[in-house]
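Heads up, the thing below is written out as structure tokens.
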Amino acid sequence: MPELPEVETIRRDLAPQLEGRRICAVRVARPDILLGTAGPAAFVPRIEGSCIRAVGRRAKWLLFLLDRGVLVTQLRMTGRFAVGPGPLPPISEFRHVAAEFDLDDGRTLFYDDVRRLGGFQLLSHDEWRREEQRFGPEPLAADFRARELAAAIRHGRLPVKNALMDQSRLAGVGNIYASEALHAARIDPTRPAEGLTDDEIRRLHRSLRRILRDSLDSSGTTFSSYRAVNGRSGSFQDLLKVYAKEGTACPRCRSEIRRIVQSGRSTFYCPGCQV
DNA sequence: CTTGTACCCTGACCGC
DNA sequence: TGCGGTCAGGGTACAA
């Protein structure tokens with residue numbers, strides 16, 4: 001379940017291995033990972049021969065900035081990458097390889113996706129610029145202050161947890177970090193976003209940024225399926241306070257952590273200290 | 001405009 | 001041992 005810290009971890013793993021490389025050949029074993037209208041017949045020749053100038057990230061999307069456009073990648077739930085020296089995936093866990101990209105240094109980039117909810121789309125630089133406008137601000141950007149958080153989420157009767165996860169309001173936050181940030185800020189996840197006080201916004205801003213940074217320092221949360229590149233695990237799951245901790249004691253007030261469902265997603269919170 | 005729901009997909013897990 | 005049902009949640013399409 002890659003959110004901002006997980007996708008950024010993958011970007012940092014991939015960038016030094018891929019930047020400056022040319023893609024010589026592409027194989028798409030599972031065409032349904034090609035998002036949008038393009039099938040392999042249109043996709044493959046547009047990628048082959050292109051050079052990877054940089055590996056980027058916006059929200060939870062990983063970006064391969066090519067000389068001919070932007071290869072946009074969504075990992076959704078189970079998408080993973082590995083880079084190997086030969087024609088076979090370097091780790092045995094890659095049993096659902098959906099696409100392979102041969103590089104000009106003899107190595108191959110493998111994309112594996114059990115559920116195939118993720119995938120690729122090649123956009124022109126102009127198309128990506130327009131697409132990118134749909135996202136809210138990046139919460140780890142240097143100029144993202146409490147004022148920017150308030151402008152992004154403090155409107156509407158939507159519960160604050162859903163507001164945090166709405167990618168058009170705020171980029172990169174998903175189910176795990178929304179629950180964790182609200183617990184750290186002592187805010188009830190069901191509260192309408194428009195009702196947060198200035199002090200609560202300041203607490204949420206600090207908590208959210210600290211948790212995203214700490215998770216990045218831990219290479220993300222390997223809870224079920226997420227891995228960094230080549231199967232590497234993150235360790236932030238060891239530092240979670242409420243996510244998937246239903247029935248355990250809140251580390252702050254010892255009340256019992258509860259699980260509720262908001263918009264079909266699990267929310268974990270402490271009824272004792274989140275008000 | 002906002003808000004809610006169904007759907008895509010497979011593997012892990014549970015109860016019988 | 002098998003087997004059906006449920007759940008996981010990212011984003012998107014569509015309805016109200």
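To find a chain, count down the sequence lines: A is the first, B the second, and so on, and within it residues start at 1.
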message: Of the listed nucleotides (B:dG11, C:dG10, B:dT3), which one gets closest to any side-chain atom of A:Arg157?
response: B:dT3
- prompt: Does A:Arg116 have a side-chain nitrogen or oxygen under 4.0 Å from the phosphate oxygens OP1 or OP2 of B:dT10?
  reply: yes
task: Describe the nucleic acid contact of A:Ser266 in one word from base, sugar-phosphate, nothing, applying a heavy-atom distance below 4.0 Å.
output: sugar-phosphate
field: Base C:dA8 paired with A:Arg265 side chain (donor-acceptor, <3.5 Å)
entry: no
query: Which part of the nucleic acid, if any, lies within reach of A:Arg95 when heavy atoms closer than 4.0 Å are counted: base, sugar-phosphate only, or nothing?
result: nothing
message: What's the gap between C:dG9 and B:dT3 when it is taken at their P atoms, as a whole Å value?
response: 23 Å
query: Going by heavy atoms in the side chains, are A:Arg115 and A:His96 under 4.5 Å from each other?
result: no
query: Contact class for A:Arg134 (heavy atom, under 4.0 Å): base, sugar-phosphate, or nothing?
result: sugar-phosphate
field: d(NZ, A:Lys161; C1', C:dG10) in whole Å
entry: 12 Å
field: Basic-acidic side-chain contact under 4.0 Å: A:Arg154, A:Asp198
entry: yes
task: Answer yes or no: is there a side-chain heavy-atom contact under 4.5 Å between A:Ser218 and A:Leu239?
output: yes
message: Would you measure the distance from the P atom in B:dC9 across to the matching atom in C:dC14 and give it in whole Å?
response: 16 Å
- request: Would you please test A:Arg191 and A:Gln274 for side chain to side chain donor-acceptor pair (under 3.5 Å) and show each step?
  value: CA-CA 10 Å; A:Arg191 293 261 307 278; A:Gln274 289 180 255; over 6 Å; no
message: Using the side-chain heavy atoms of A:Glu3, tell me which of these nucleotides is nearest: C:dT12, C:dG10, C:dG9.
response: C:dG10
message: At 4.0 Å (heavy atoms only), tell me whether A:Leu117 reaches a base, stays on the sugar-phosphate, or touches nothing.
response: base
task: Could you check how far CG of A:Leu35 sits from C1' of B:dC9, rounded to whole Å?
output: 13 Å
statement: Of A:Ser263 and A:Arg76, the one whose closest nucleotide on DNA chain B sits nearer the 5' end is A:Ser263
message: Here's a test of your reading of the structure: between A:Arg115 and A:Glu131, which maps to the more 5' nucleotide of DNA chain C?
response: A:Arg115
query: What nucleotide among C:dA8, B:dG11, B:dT3 has an atom nearest to a side-chain atom of A:Arg259?
result: C:dA8
message: In this structure, how many angstroms lie between the C1' atom of B:dT10 and the CD1 atom of A:Ile33, rounded?
response: 16 Å
message: In whole Å, I'd like the distance from the CG atom of A:Asp32 to the C1' atom of B:dC8.
response: 10 Å
